[in-house]
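Each remark here refers to the structure printed beneath this line.
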Amino acid sequence: MANILIIGAGGVGRVVVYKCVQDPTFDKITLASRRLSSCARYQEEVKARYDKDIDIAEVDADDIPALVALIQKVKPDMVLNIALPYQDLTIMEACLQTKTHYLDTANYEHPDAAKFEYKEQWAYHDRYKDAGIMALLGSGFDPGVTNVFCAYAQKHYFDTIETIDILDCNAGDHGYPFATNFNPEINLREVSSKGRYWEEGKWIETEPMEIKMVWDYPEIGKKDSYLLYHEEMESLIKHIKGLKRIRFFMTFGESYLTHMKCLENVGMLGIEEVEHMGQKIIPMQFLKTLLPDPATLGERTKGKTNIGIVATGIKDGQKKTIYIYNICDHEKTYKETLSQAVSYTTGVPAMIGAKMMMQQKWLNDGVFNMEQFDPDPFMEALNQDGLTWFVKEL
Ligand code: NDP
C-alpha cells in the first residue's frame, strides 16, 4: 500500500486523483497545487463520489525548497508530477534531494523556448541511480501508452521494427469555435512549432503542418492528419533497435487550423513579453486567460479519440504491419471522471505508471522512458483500468 503525492490539480490531475482513489495500490493520497482551491474542489468531489478522504496542500512547484519541505512532511513513496512541463526539473530535483521516486507525463520545456528535449531530464540518470530512486518519464498517452504499444509490438510481433507512425486523432466536438483540449499554452506551442521526423539516422525538419495525410481511424473515419514533432520519438529512436523511420501525426479540423493561423498572424501565440498599457504581458498567456478552461470542456464534448501506432517490420523473414490503438469516448469518460477523453487518456496511464512502480513490476534505479520496461503488465492494466486496446494486422 503506497503513500503518494500528486502535484497539479488541473484537468489531468483530476483523472489521476479519481483513478488513484479507486485503486487499492494507493492508500494515502495528497494532492498539492499552486492554488489550494483547485485541490479543495477535487477533495470534495472525491468525498462525494467515493466517500474517500485525500489530503491537500498548497505548493509552488517552481520553488525547490518549498517542494522539499512538502515532501519531507508528506513522506510519500513517490511523487506524480501532473503540473506543467515547466516544473519537471524542479520536481525532479526535489525528489532527488529527498530520495523519492518520480513520475511525469510530459517532457521538460523551458518557459522561454518552445522546444522539447529529454537531455536535461536524462542528465539526472546517474544521480537517481546513485540515490537508489527511479524517475519514469512521460507516463501519459502520447508520450506514454504509445511508447508501451511500440515495446509491445517489438516483444510480440516483430524481430525488427523498421518504421513507426504514431497516429493521434481527437474527433471530439465541444461546440466552441476554438478551444484546446489540454493546457492551451502547452498545446498551442506544440502545434505551432516546426514539424520534425526521423529517418535513416537523422532528423528532418518541416514547416508547421507542411505534411498531411488522410488516415481512416477505426470507429471515427477518415481524417486529415498532420505531421508534428512529438517527444516520444526522441526516446523511441534510442530504444527500438533497427528503426529506420519514425513519424507522428495528429488530426486537426479546418476551423482549428484557421483560428490558429489567425492567432499566429496577429502575434497572439508569442511567448515573449510585450508592453500593453504600461503592463508587461505574454500574448500566449493572455490568450490562455481568454480561452475556455480545458477542465470545463468535458461536460460539452461528444465523440471519440483514437490514438495508436502503426509499425512495419520483419518477423521470421516476412514483412508485416501491425496497428495497435485505443478508442476513448468523451461522454463515457465524463460520466466516470467528470473529464473529457484527452485528460482521461493521460490521467489513467499516469496512475498505471505509478501502480507499476509501487507494485515493483517496473522498478529500477535511474531515469527511464516507458518502452524500457516489460510492456505486458502495463498493457494488462490498460484493459482493466478503462483504456481497452486493439491489435490489427494490416
Ligand atoms: P492544466 O493547466 O489543466 O493543469 C496544470 C495544473 O498544474 C494546474 O491546475 C496548476 O495549478 C498546476 N500548476 C501550474 N503551475 C504550477 C506551479 N508552479 N506549482 C504548482 N502547481 C502548478 O494542465 P493539464 O492538466 O491539461 O496537463 C497536465 C500535464 O499533462 C501537462 O504537463 C501536460 O503537458 C500533460 N499532458 C500530457 C499528455 C500525454 O499524453 N502525455 C496529454 C495531455 C497533457 P493551479 O490550478 O493550482 O493553479
Side-chain angles (χ1 to χ4, degrees), residues 5-18 30-43 56-64 66-67 70 79-91 94 103-109 111 114 116 121 136-149 166 168 170 179-191 228 230-233 235 248 250 284-285 288-289 291-298 305 307-308 326 328 337-353 369-370 387:
L5 171 61
I6 301 168
I7 301 179
V12 179
R14 179 192 246 148
V15 177
V16 177
V17 170
Y18 275 40
T30 305
L31 174 64
S33 204
R34 191 171 38 191
R35 292 173 297 167
L36 196 64
S37 56
S38 312
C39 306
R41 182 165 155 220
Y42 296 166
Q43 184 187 42
I56 57 171
E58 191 171 85
V59 74
D60 176 0
D62 293 320
D63 179 347
I64 297 171
L67 286 166
L70 177 65
V79 172
L80 283 72
N81 168 15
I82 316 295
L84 296 177
Y86 312 134
Q87 280 88 44
D88 286 5
L89 296 183
T90 47
I91 302 179
L103 170 151
D104 65 33
T105 66
N107 194 191
Y108 172 67
E109 229 186 296
F116 317 85
Q121 292 186 273
L136 183 61
L137 306 183
S139 193
F141 207 103
D142 47 343
V145 175
T146 48
N147 303 55
V148 178
F149 283 173
I166 300 166
D168 178 331
N170 178 8
T180 63
N181 287 291
F182 65 96
N183 185 285
E185 199 181 327
I186 305 296
N187 183 233
L188 291 167
R189 280 167 66 132
E190 177 178 284
V191 303
L228 299 183
H230 223 244
E231 61 206 58
E232 62 265 52
M233 294 193 285
S235 69
F248 180 97
M250 193 179 267
M284 178 77 97
Q285 286 180 1
K288 178 176 185 266
T289 306
L291 289 175
D293 175 358
T296 63
L297 294 179
T305 63
I307 315 174
N326 160 263
C328 197
T337 59
L338 298 179
S339 309
Q340 36 87 4
V342 175
S343 301
Y344 189 89
T345 53
T346 311
V348 172
M351 180 280 282
I352 296 175
N369 293 88
M370 307 285 286
L387 293 175

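Numbering starts at 1 and runs along the sequence shown. We count ligands from 1, going down the list as the structure has it; atoms in each ligand are counted the same way. Only heavy atoms go into these numbers, but all of them, side chains included; no hydrogens, no water, no symmetry mates.
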*How are the rings of Phe141 and Phe149 set relative to one another: parallel (under 30°), tilted (30 to 60°) or perpendicular (over 60°)?*
perpendicular

*Show your working on side-chain contact (heavy atoms from CB on, under 4.5 Å) between Leu80 and Val16 and close with a plain yes or no.*
CA-CA 9 Å; Leu80 283 72; Val16 177; 3.7 Å; yes

*Collect the protein residues that have a non-hydrogen atom under 4.0 Å from ligand 1 and hand them over in chain and number order.*
Gly8, Ala9, Gly10, Gly11, Val12, Ser33, Arg34, Arg35, Ser38, Val59, Asp60, Ala61, Asp62, Ile82, Ala83, Leu84, Pro85, Gln87, Thr105, Ala106, Gly140, Phe141, Asp142, Pro143, Phe182, Asn183, Ile186, Thr346

*So, Asn81 and Gln87: side-chain donor and acceptor under 3.5 Å apart, yes or no?*
no

*Measure the spacing between CG of Leu84 and CD of Glu185 and express it to the nearest 0.5 Å.*
7.5 Å

*Go through the steps to decide whether His230 and Ile166 satisfy the test side-chain contact (heavy atoms from CB on, under 4.5 Å), and finish with yes or no.*
CA-CA 9 Å; His230 223 244; Ile166 300 166; over 6 Å; no

With a 3.5 Å cut-off and sequence neighbours excluded, list the donor-acceptor pairs that the side chains of residues 6-13 form with protein atoms.
none

